[in-house]
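What follows is a short report on a single structure.
No experiment lies behind these values; they were computed from the predicted model shown. Heavy atoms only: backbone and side chains are in, while hydrogens, waters and symmetry mates are out. Note that ligands are numbered from 1 as they come in the structure, with each ligand's atoms numbered from 1 the same way.
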Amino acid sequence: MQEANTPRAAAVDNQVVHAVPTIKSIYVYEAPIRAWHWINACAMVCLIATGYLISAPPTSIHGEASEHFLFGYIRFIHFASAYIFAIGFLGRVYWAFVGNYHAREMFFIPIFTKLFWRELFSMLRWYLFLRAYPNRYIGHNPIARLSMFVCFVLLGIIMICTGFALYGEGAMPGHIAHTLFTSWVIPLFGSSHSVHTIHYYGMWIMLCFIMLHIYAAIREDILGRQSMVSTMINGYRLFKD
Ligand code: HEM
Ligand code: HEM
């Protein structure tokens, strides 16, 4: 420690300071996006857990039926989270119109742009450990963007339509969910059973997306040249040289 005061040590210290790479940060995700992301993630965990239990119900419980409401609670949590997810989705669509450029990225894919596909394949090689360095992006990388569009936006719309169609079926004609969804979704897929099946398989696709999404976010944070998880917390993307 004492050595730090000698001229030689100071020079070395300076060198060390100058050798630290420049770190730049850019504001990317606005507060409503960040709040939505984490609320939506919690709603999704509840939807998947309760949805799975609806599809594979727990065995019956001993005692008077009137003393238990287990399946009722499971369905209640599913429906309450479904409303959070659906209203949040509408809010997120609204923010795509009023927010910054990155708020829109998830909703459209520049499929006719050569650069998009070139970047997508180069990121794919990075994910497959075939490249030493990844490219750097201010917003989403092309693979994240494509997977969010297909597995979250498109699938999310399917889950909302099929979910509310089933909900409206139980709520009976006259209920708003019946008028807006059940009336056309069930005829479109032929039967209530097929709608249940589509809704059920949708859960597994969503679960696969979430597992890969979390893996990729953490992997990029550690191996990539930019911040990831903290960007979804404080909004700033930090670039490391
Ligand atoms: C149920 C769980 C989750 C779902 C459904 C989900 C969904 C999404 C969606 C749709 C986006 C795009 C945001 C936008 O453009 O508005 C996103 C971004 C992001 N999420 Fe998640 N997420 C989940 C959990 C997590 C978790 C646990 C983490 C952290 C480990 C995380 C980290 C991130 C990051 C870092 C981004 C920004 C990625 C980028 O900049 O390219 N997510 N997530
Ligand atoms: C991505 C989000 C969602 C996931 C992962 C999910 C998952 C599931 C699963 C796995 C089932 C069981 C399917 C079966 O075996 O029949 C289910 C049932 C159901 N879900 Fe969802 N769901 C989601 C969103 C929604 C939404 C937005 C609604 C709208 C209210 C909804 C309403 C329902 C209804 C009414 C049932 C049938 C309940 C019953 O038969 O007792 N779900 N969900």
**Study point:** atom 2 (C) of ligand 2: the protein heavy-atom neighbour that sits closest, reported with distance to 0.1 Å
**Key:** Leu47 CD1, 3.5 Å
Practice item. Give the numbers and elements of all ligand 2 atoms closer than 4.0 Å to a heavy atom of Ala82. Key: 26 (C), 27 (C), 28 (C), 29 (C), 30 (C)
Review point. So is His196 polar-close to ligand 2, meaning N/O to N/O under 3.5 Å?
Key: yes
**Study point:** Charged tip of Arg219 within 45° of Phe129 ring normal and under 6.0 Å
**Key:** yes
**Study point:** ligand 1 atoms in contact with Ile33 (distance to a heavy atom under 4.0 Å)
**Key:** 16 (O)
Review point. Does the Arg225 side chain pair with the main chain of Pro134, one donor and one acceptor, at a distance under 3.5 Å?
Key: yes
Revision key, fill the gap. Ring pair (Phe, Tyr, Trp, His ring centres under 6.0 Å) filter on Tyr29, not counting sequence neighbours, yields His140
Study note, to complete from the structure: Within 4.0 Å of some non-hydrogen atom of Met228, the atoms of ligand 1 are 35 (C)
Check your understanding: Has the side chain of Ser194 got a donor or acceptor atom that lies under 3.5 Å from a matching backbone atom of Phe189?
Key -> yes
Review point. Hey, which protein N/O/S atoms does atom 21 (Fe) of ligand 1 have under 2.8 Å?
Key: His37 NE2, His213 NE2
Review point. Is it the side chain (CB and beyond), the backbone, both or neither of Trp36 that lies under 4.0 Å from ligand 1, heavy atoms counted?
Key: side chain
Revision key, fill the gap. Honestly, for Val28 the part within reach of ligand 1 (heavy atoms, under 4.0 Å) is neither
Review point. Are Leu166 and Phe181 close enough that some pair of their side-chain heavy atoms sits under 4.5 Å apart?
Key: no
Check your understanding: Going by the order shown, which atoms of ligand 1 are within less than 4.0 Å of some heavy atom of Asn40?
Key -> 5 (C)
Exercise for review: Below 4.0 angstrom from a heavy atom of Met44, which ligand 1 atoms are there? Numbered from 1 as shown, please.
Suggested key: 1 (C)
Review point. Does Phe79 approach ligand 2 within less than 4.0 angstrom via side chain, backbone, both or neither, non-hydrogen atoms only?
Key: side chain
Check your understanding: At what distance is the nearest protein heavy atom to atom 12 (C) of ligand 2, and which residue and atom is it?
Key -> Gly51 O, 3.5 Å
Review point. What angle sits at atom 21 (Fe) of ligand 2 between NE2 of His199 and NE2 of His78, to 10°?
Key: 170°
Check your understanding: atom 36 (C) of ligand 2: which protein heavy atom is closest, and how many Å away?
Key -> Leu166 CD1, 4.0 Å
Check your understanding: What part of Glu169 sits under 4.0 Å from ligand 2 if we count only heavy atoms: the side chain, the backbone, both or neither?
Key -> neither
**Study point:** Criterion side-chain contact (heavy atoms from CB on, under 4.5 Å) against Ile210, the qualifying member of Val45, Ile48, Ile205
**Key:** Ile48
Exercise for review: Starting from atom 40 (O) of ligand 1, find the nearest protein heavy-atom neighbour and note its residue, name and distance.
Suggested key: Tyr29 OH, 2.5 Å
Check your understanding: Near Leu90 CG, under 6.0 Å, is it more than 12 heavy atoms from other residues, nucleotides or ligands?
Key -> yes
Check your understanding: Should we count CZ of Phe76 as having more than 12 external heavy atoms under 6.0 Å?
Key -> no
Exercise for review: May I ask you to check whether Arg237 has an N/O atom sitting below 3.5 Å from an N/O atom of ligand 1?
Suggested key: yes
Revision key, fill the gap. min-distance protein heavy atom vs atom 28 (C) of ligand 1 -> Trp38 CH2, 3.5 Å
Check your understanding: His175 vs Tyr167 aromatic rings, parallel, tilted or perpendicular, using cut-offs 30° and 60°?
Key -> perpendicular
**Study point:** Atoms in ligand 2 flagged as close to Ser55, the criterion being non-hydrogen separation under 4.0 Å
**Key:** 12 (C), 15 (O)
Review point. What about the rings of Tyr83 and Phe164, do their centers lie closer together than 6.0 Å?
Key: yes
Exercise for review: Closest by any non-hydrogen atom to atom 38 (C) of ligand 1: pick that one out of His140, Arg92, Arg34, Met106.
Suggested key: His140
Exercise for review: Report the nearest protein non-hydrogen atom to atom 32 (C) of ligand 2: residue, atom name, distance rounded to 0.1 Å.
Suggested key: Gly163 O, 3.4 Å
Exercise for review: Provide the number and element of each atom of ligand 2 under 4.0 Å from a heavy atom of Met203.
Suggested key: 5 (C), 10 (C)
Exercise for review: Keeping the roles fixed (side chain from His196, backbone from Ser55), state whether a donor-acceptor pair exists under 3.5 Å.
Suggested key: no
**Study point:** Heavy-atom gap Thr231 to ligand 1 smaller than 4.0 Å
**Key:** no
Review point. In terms of heavy-atom contacts, does OH of Tyr27 have more than 12 from other residues, nucleotides or ligands at under 6.0 Å?
Key: yes
Practice item. Just go through Met159, Met206, Arg75 and tell me whose heavy atom is the nearest to atom 5 (C) of ligand 2. Key: Met159
Review point. Between the main-chain N or O of Asn100 and the side-chain N or O of Glu30, is there a donor-acceptor pair closer than 3.5 Å?
Key: yes
**Study point:** Greater than 12 external heavy atoms within 6.0 Å of Arg131's CZ
**Key:** yes
Practice item. Evaluate the ring planes of Phe209 and His213, with Trp represented by its six-membered ring, and classify them as parallel (under 30°), tilted (30 to 60°) or perpendicular (over 60°). Key: parallel
Review point. Which of these passes side-chain hydrogen bond (donor to acceptor under 3.5 Å, both in side chains) with Tyr137: His102, Gln226, Glu119?
Key: Glu119
Practice item. Give a yes or no on whether the backbone of Ser227 and the side-chain of Arg237 come within a donor-acceptor separation of less than 3.5 Å. Key: yes
Point to revise | Backbone N/O of Ile233 and side chain of Ser230: donor-acceptor pair under 3.5 Å | key: no
**Study point:** Residue, atom name and distance, where the atom is the protein heavy atom closest to atom 11 (C) of ligand 1
**Key:** Met148 CE, 3.7 Å
Review point. Counting from 1, what ligand 2 atoms have a heavy atom of Ile48 closer than 4.0 Å?
Key: 5 (C)
